[in-house]
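Below is one structure, written out as structure tokens; comments come after it.
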Protein chains: 2
Amino acid sequence: MWFQIDPRLSKPIYLQIVDGVKEACAKHILNPGDRLPSVRELAAEMTLNPNTVAKAYQELERTHVIEVIRGRGTFVAAPSPVPDKEQRLAAMRDTIKHLWIEAQYLQMTSHDLLALMHATVAEWDRERGRERV
Amino acid sequence: MWFQIDPRLSKPIYLQIVDGVKEACAKHILNPGDRLPSVRELAAEMTLNPNTVAKAYQELERTHVIEVIRGRGTFVAAPSPVPDKEQRLAAMRDTIKHLWIEAQYLQMTSHDLLALMHATVAEWDRERGRERV
DNA sequence: CATCTGTACTATGTGTTATAGTACACATAG
DNA sequence: CTATGTGTACTATAACACATAGTACAGATG
């Protein structure tokens, strides 16, 4: 599979699935139209309860990452305009604030923090390029 | 107080206190040696249970943000070398990865993302400067 | 001694997570 | 048509985290 879950982590399993799928989509390991494993298939493969996988799929559909067709399966959705763009941008700013605070405690300057951001983003851009179809 | 809590948020109250104190320290609203309100004082002021505040203080002491002196009170700790620096750096990289993925879904380029980071960090640097003692 | 500190402990209620099992509506292949 | 595979809905259970309430203890201070 394009991701793996760890039941020992505090992060809920269904959110690990959600993030795993979103990451695979962002890296173009999964592309629009691709079919995801069925709820029962994925549950069997990862020895999880089908309900847990279903919960993840419902969250992914709610956020328009995947599309569900009754009786057919779930598919990666095509990119579409985002309705709650402002809220999500605000959440990103808040996350960056947390990074800024954490950097202080690691005795990093703002320059150090921005350098880390540059390097990490560049790394993930390369990752995406390598996996692209 | 230098922060406020919202019981309606999904984030646990004790973690809201933890982050509030850390933010106040990062912005130098609180400085090393400053005394924090007692468990009972803060609980009364924010209409919380003293146990909740105590849990926050214990987490803050565990991460060396504050120092506790039995019978005297809690005080902002002086900056000290960080033991688990590697883990915390790795966690920051993971957070940046999440930002990168979220940016994709908001149809932002990596350049857009880095610009947002620059702007947000600069904003918080200004915030810190204004509050400095 | 009286009063303030943080801490420890039990108990209760609530909400989330994950599991198990059953059942239903829809789509498709034979 | 039947059989099978989709997602979904529902009940029930167990485990855990969170928050509250109340009591009690050890250390520091005036």
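Note on naming: letters A, B, ... go to the chains in the order of the sequence lines (proteins, then strands), and numbering restarts at 1 for each one.
- Contact of the Lys97(A) side chain with the Glu23(B) side chain is registered, since non-hydrogen atoms from C-beta on lie closer than 4.5 Å.
- In the region residues 60-79 of chain A, proximity to DNA chain D at under 4.0 angstrom, judged on heavy atoms, holds for Glu61(A), Val68(A), Arg70(A), Gly71(A), Gly73(A), Thr74(A).
- Between Thr95(B) and Thr95(A) there is a side-chain heavy-atom pair separated by less than 4.5 Å.
- Helical stems involving DNA chain C, defined as 3 or more consecutive Watson-Crick or G-U pairs under 3.5 Å, span C:1-30 with D:1-30.
- Contact annotation for Glu41(A): backbone-only contact, meaning every heavy-atom pair under 4.0 Å involves sugar-phosphate atoms and none involves a base.
- Within the structure, salt bridge (Lys or Arg N to Asp or Glu O under 4.0 Å) contacts touching residues 35-45 of chain B (residues at least two apart or in different chains) do not occur.
- In this structure the side chain of Val68(B) never reaches within 4.5 angstrom of the side chain of Tyr57(B), judged on heavy atoms.
- Between His118(B) and His118(A), the two ring planes are perpendicular [angle over 60°; tilted spans 30° to 60°].
- If you walk DNA chain C from 5' to 3' and mark each nucleotide with an atom closer than 4.0 Å to a heavy atom of chain A, the marks span dT17(C) to dT28(C).
- Side-chain contact of Thr52(A) with Asn49(A): a donor-acceptor pair under 3.5 Å is absent, judged by distance alone.
- With sequence neighbours left out, the side chain to side chain donor-acceptor pair (under 3.5 Å) criterion links Lys11(A) to Asp19(A).
- Judged by distance alone, the side chain of Asp94(A) and the main-chain N or O of Ala91(A) form no donor-acceptor pair under 3.5 Å.
- The CG atom of Leu9(A) sits 17 Å away from the C1' atom of dA17(D) (whole-angstrom rounding).
- One N or O on the side chain of Thr63(B) and one on the backbone of Leu60(B) form a donor-acceptor pair closer than 3.5 Å.
- Between Arg40(B) and Asn51(B), the residue anchored nearer the 5' end of DNA chain C, judged by the nucleotide with its closest heavy atom, is Arg40(B).
- With sequence neighbours excluded, the residues satisfying side chain to side chain donor-acceptor pair (under 3.5 Å) with Asp6(B) are Arg8(B).
- Atom OH in Tyr14(A) sits about 19 Å away from atom P in dG7(D), given to the nearest Å.
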